[in-house]
Amino acid sequence: MTVSLRTSSPRRTWGALLLTAAAATGLGVSGVNTPADASTPAETTDAHRPHQPDAVQTELDALVTDSGFPGVLAAVQDQHGLRDYTAGVGDLATGEPVPVNGEVRIASNTKTFTAVVVLQLVGEGLVDLDAPVETYLPGLVRGEGGDGREITVRQLLQHTSGLPDYDDVLFTDYLALQHRFMEPHQLLDVALPRPALFAPGTSWEYSNTNYVLAGLLVQEVTGRPIAEEITTRVTEPLGLTDTYWPHEGEQELRADHPHGYYRTTPEEQYTDVTVQDPSSGWAGGQLVSTPRDLLGFFTALVDGELLSPELLAEMQTTVPAPSATPRTQESYGLGLQTFTLSCGGTAWTHGGDIPGYETRSAVATDGRGAVITVTALPTDLQGVVDVEDAVDAAICN
């Protein structure tokens, strides 16, 4: 179990941080050089205080030894700067270490990117948050699952549409669909014949179907693929060079990455699902990124680098969103969720789960933030709580 560290000065602008980080020469242990004063980055020492282990590394090691995840990788930003961490192994077959800041599938964190694009189109006068979906996708949403004439764009982004989730049908046997390519309209064909969850605007329920429609809306309004719009409007302006939308049919990750694993119970052996077709996530879950890039994205978003103050306020206007985990149970905005910190206050997050990888994060308005990815989905609720608690500890400790 190793910790890999890169130090940089505290920051408020993500672009400035990237420049600083690029100039930094210190990396982690296991054969790479670490600055002499960086062995305990999350702790301070002086003549009156004994050496203390790194609190974040302790939390990540526990995710392997106690929670049973094969590997962990993280990026943490606080008053000490930006640091990378790893724990466990990146490949169970060979024992190779987890690559520092390796590529991972970020799953539903993609929803926040898609929501940003929709809100930018709102700012350009091309989309109205409170207009019916029918305005932009005429005749598409019909059936037991919902009516596009009664569902607004805002309700899509906030999961208050009542549209049923296609995931409940498709992924009863994930391994049978691991390499299956699916078009967005095929996903809708699975979802829309199912009964609506509730009347639009009367409740909240997470549904990937909402973001398939949001992606189609972007394409209809702009005349360009949602992947291109995310790239040109978000990842390129922020310099997120390790964040990308896999091409059609692309199943392998492009750069250094930990392997991702899947099992449904703690008693099962892990199955390697690193190579998979992510098309079923589409505008709600297809992106690949790294902990650093994802931390950069959320930090830039909260800092106001992607949206006007008025649109960011819309995004952060939340509704009650019942959840089984204590840190994210409070409220959900437009592709953005609150995260309760044990040290006081609220940070912003989303989260993403896909067979092989679970990512949790939180970014506070004062610049503190953390992104942690484990290389298997939790098999029970406690595993989810353990990852979120590790995010909290990385920020609060």
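All of these numbers come straight from a predicted model, not from anything done at the bench.
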*Asks:* Nearest 0.5 angstrom please: Thr264 OG1 to Glu268 CD, how far?
*Replies:* 3.0 Å

*Asks:* State whether a side-chain donor-acceptor pair under 3.5 Å links Arg83 with Tyr85.
*Replies:*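 Checked: Arg83/Tyr85 side chains pair up, N/O donor to acceptor below 3.5 Å.
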
*Asks:* With a 4.5 Å cut-off on side-chain heavy-atom distances among I, L, V, M, F, W and Y, is there a chain of contacts connecting Ile106 to Leu377?
*Replies:* no

*Asks:* Is any side-chain heavy atom of Glu134 less than 4.5 Å from a side-chain heavy atom of Val141?
*Replies:* no

*Asks:* Could you walk me through whether His259 and Asp272 pass side chain to side chain donor-acceptor pair (under 3.5 Å), step by step?
*Replies:* CA-CA 7 Å; His259 286 236; Asp272 191 323; 2.6 Å; yes

*Asks:* Once side-chain hydrogen bond (donor to acceptor under 3.5 Å, both in side chains) is applied, do any residues pair with Gln158, and if so which ones, sequence neighbours excluded?
*Replies:* none

*Asks:* Does the side chain to side chain contact (heavy atoms under 4.5 Å, CB included) test come out yes or no for His257 and Arg105, once each step is laid out?
*Replies:* CA-CA 10 Å; His257 59 273; Arg105 300 186 189 278; over 6 Å; no

*Asks:* Scan the side chains in residues 180-196 for donor-acceptor partners under 3.5 Å anywhere in the protein, sequence neighbours excluded, and list what turns up.
*Replies:*
residue: Gln186; atom: OE1; partner: Glu183; partner atom: N; Å: 2.7
residue: Arg194; atom: NH1; partner: Asp165; partner atom: O; Å: 2.8

*Asks:* Applying side chain to side chain contact (heavy atoms under 4.5 Å, CB included), run through Arg263 and Thr271 and close with a yes or a no.
*Replies:* CA-CA 7 Å; Arg263 65 183 182 186; Thr271 298; over 6 Å; no

*Asks:* Looking only at atom types and distance, does a side-chain atom of Ser207 sit under 3.5 Å from a main-chain N or O of Pro164, one as donor and one as acceptor?
*Replies:*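 Confirmed, Ser207 side chain pairs with Pro164 backbone.
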
*Asks:* Which value, rounded to the nearest 0.5 Å, describes the distance between Ile230 atom CD1 and Thr243 atom OG1?
*Replies:*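 The CD1 atom of Ile230 sits 10.5 Å away from the OG1 atom of Thr243.
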
*Asks:* For His159 and Tyr211: C-alpha separation, side-chain torsions, deciding distance, then whether ring pair (Phe, Tyr, Trp, His ring centres under 6.0 Å) applies.
*Replies:* CA-CA 9 Å; His159 295 297; Tyr211 276 79; 5.4 Å; yes

*Asks:* Of all heavy-atom pairs between Ala131 and Thr135, which one has the smallest distance, and what is that distance?
*Replies:*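 Smallest heavy-atom distance, with atoms named: CB-OG1, 4.0 Å.
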
*Asks:* Is there a path of hydrophobic side-chain contacts, each under 4.5 Å between heavy atoms of I/L/V/M/F/W/Y residues, joining Ile354 to Tyr261?
*Replies:*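 No, Tyr261 and Ile354 fall in different hydrophobic clusters.
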
*Asks:* More than 12 heavy atoms of other residues, nucleotides or ligands under 6.0 Å from CG of Asp168: is that the case?
*Replies:*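 Buried by this count: over 12 neighbours within 6.0 Å.
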
*Asks:* Is the Tyr270 to Tyr262 ring centre distance short of 6.0 Å?
*Replies:*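 No - the distance between ring centres of Tyr270 and Tyr262 does not fall below the 6.0 Å cut-off.
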
*Asks:* Do Asn210 and Lys111 have side-chain N/O donor and acceptor atoms under 3.5 Å apart?
*Replies:* no

*Asks:* For Glu250, which residues count as a side-chain hydrogen bond (donor to acceptor under 3.5 Å, both in side chains) partner, sequence neighbours excluded?
*Replies:* Arg254

*Asks:* Between Asp353 and Arg360, does any side-chain N to carboxylate O distance fall below 4.0 Å?
*Replies:* yes

*Asks:* Do we see a donor-acceptor contact under 3.5 Å between the side chains of His350 and Asn109?
*Replies:* no

*Asks:* Quick one: CG on Leu312 to CD on Glu310, what's the gap to the nearest 0.5 Å?
*Replies:* 9.5 Å

*Asks:* From Glu267 CD over to Thr379 OG1, what is the distance, rounded to the nearest 0.5 angstrom?
*Replies:*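 One gets 8.0 Å once the value is rounded to the nearest 0.5 Å.
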
*Asks:* Can Arg154 and Asp130 be counted as an ion pair, charged N to O under 4.0 angstrom?
*Replies:*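 Salt bridge: yes.
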
*Asks:* Who are the side-chain hydrogen bond (donor to acceptor under 3.5 Å, both in side chains) partners of Thr375, not counting sequence neighbours?
*Replies:*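 Thr375 satisfies side-chain hydrogen bond (donor to acceptor under 3.5 Å, both in side chains) with no other residue.
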
*Asks:* Establish, yes or no, whether a centroid distance under 6.0 Å links the rings of Tyr332 and Trp204.
*Replies:*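 When the ring centroids of Tyr332 and Trp204 are compared, they turn out to be within the sub-6.0 Å range.
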
*Asks:* Is Val169 reachable from Leu175 through a run of I, L, V, M, F, W or Y residues, each pair having side-chain heavy atoms under 4.5 Å apart?
*Replies:*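 Yes, Leu175 and Val169 fall within the same hydrophobic cluster.
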
*Asks:* Roughly how far, to the nearest 0.5 Å, is CG of Leu307 from CD of Glu314?
*Replies:* 10.5 Å

*Asks:* Do Glu228 and Arg233 sit within salt-bridge range, that is, some charged N less than 4.0 Å from a carboxylate O?
*Replies:* no

*Asks:* Applying ring pair (Phe, Tyr, Trp, His ring centres under 6.0 Å), can you list everything that pairs with Phe298, at least two apart in sequence or on another chain?
*Replies:* none

*Asks:* How far apart are the C-alpha atoms of Trp348 and Phe339, what are their side-chain angles, what is the distance that settles it, and do they pass the side chain to side chain contact (heavy atoms under 4.5 Å, CB included) test?
*Replies:* CA-CA 6 Å; Trp348 293 100; Phe339 186 100; over 6 Å; no

*Asks:* On a heavy-atom basis, which atom in Val374 and which in Leu63 lie closest, and how many Å separate them?
*Replies:* CG1-CD1, 4.1 Å

*Asks:* Tell me whether Leu126 is reachable from Val122 by hopping between hydrophobic residues (I, L, V, M, F, W, Y) whose side-chain heavy atoms are closer than 4.5 Å.
*Replies:*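 As far as the 4.5 Å side-chain criterion goes, Leu126 and Val122 are connected within one cluster.
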
*Asks:* For the hydrophobic clusters of this structure (ILVMFWY residues joined by side-chain heavy atoms under 4.5 Å, transitively), does one cluster hold both Ile226 and Val288?
*Replies:*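 Per the 4.5 Å side-chain linkage, Ile226 and Val288 are co-clustered.
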
*Asks:* Quick one: list whatever passes side-chain hydrogen bond (donor to acceptor under 3.5 Å, both in side chains) with Ser203, sequence neighbours left out.
*Replies:* none

*Asks:* A quick test of your reading: do over 12 heavy atoms of other residues, nucleotides or ligands sit less than 6.0 Å from CD of Gln269?
*Replies:* no

*Asks:* How about Ser331 and Thr338: does a side-chain donor come under 3.5 Å of a side-chain acceptor?
*Replies:* yes

*Asks:* Taking Arg292 for the side chain and Asn101 for the main chain, is one N or O donor matched with an acceptor at less than 3.5 Å?
*Replies:*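 Checking the backbone N and O of Asn101 against the side chain of Arg292, no donor-acceptor pair under 3.5 Å is found.
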
*Asks:* Between the side chains of Tyr206 and Ser108, does any donor sit under 3.5 Å from an acceptor?
*Replies:* yes

*Asks:* For the CD atom on Glu252, are there more than 12 heavy atoms of other groups (residues, nucleotides or ligands in this structure) within a distance under 6.0 Å?
*Replies:* no

*Asks:* Are the side chains of Glu305 and Leu301 in contact, using a 4.5 Å heavy-atom criterion?
*Replies:*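 No, every pair of side-chain atoms sits at 4.5 Å or beyond.
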
*Asks:* How long is the straight-line distance from CG of Leu73 back to OH of Tyr357, given to the nearest 0.5 Å?
*Replies:*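 Answer for the OH-CG pair, Tyr357 versus Leu73, is 9.0 Å.
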
*Asks:* Does the pair Val218 and Val221 meet the rule for a side chain to side chain contact (heavy atoms under 4.5 Å, CB included), with working shown?
*Replies:* CA-CA 5 Å; Val218 168; Val221 169; over 6 Å; no

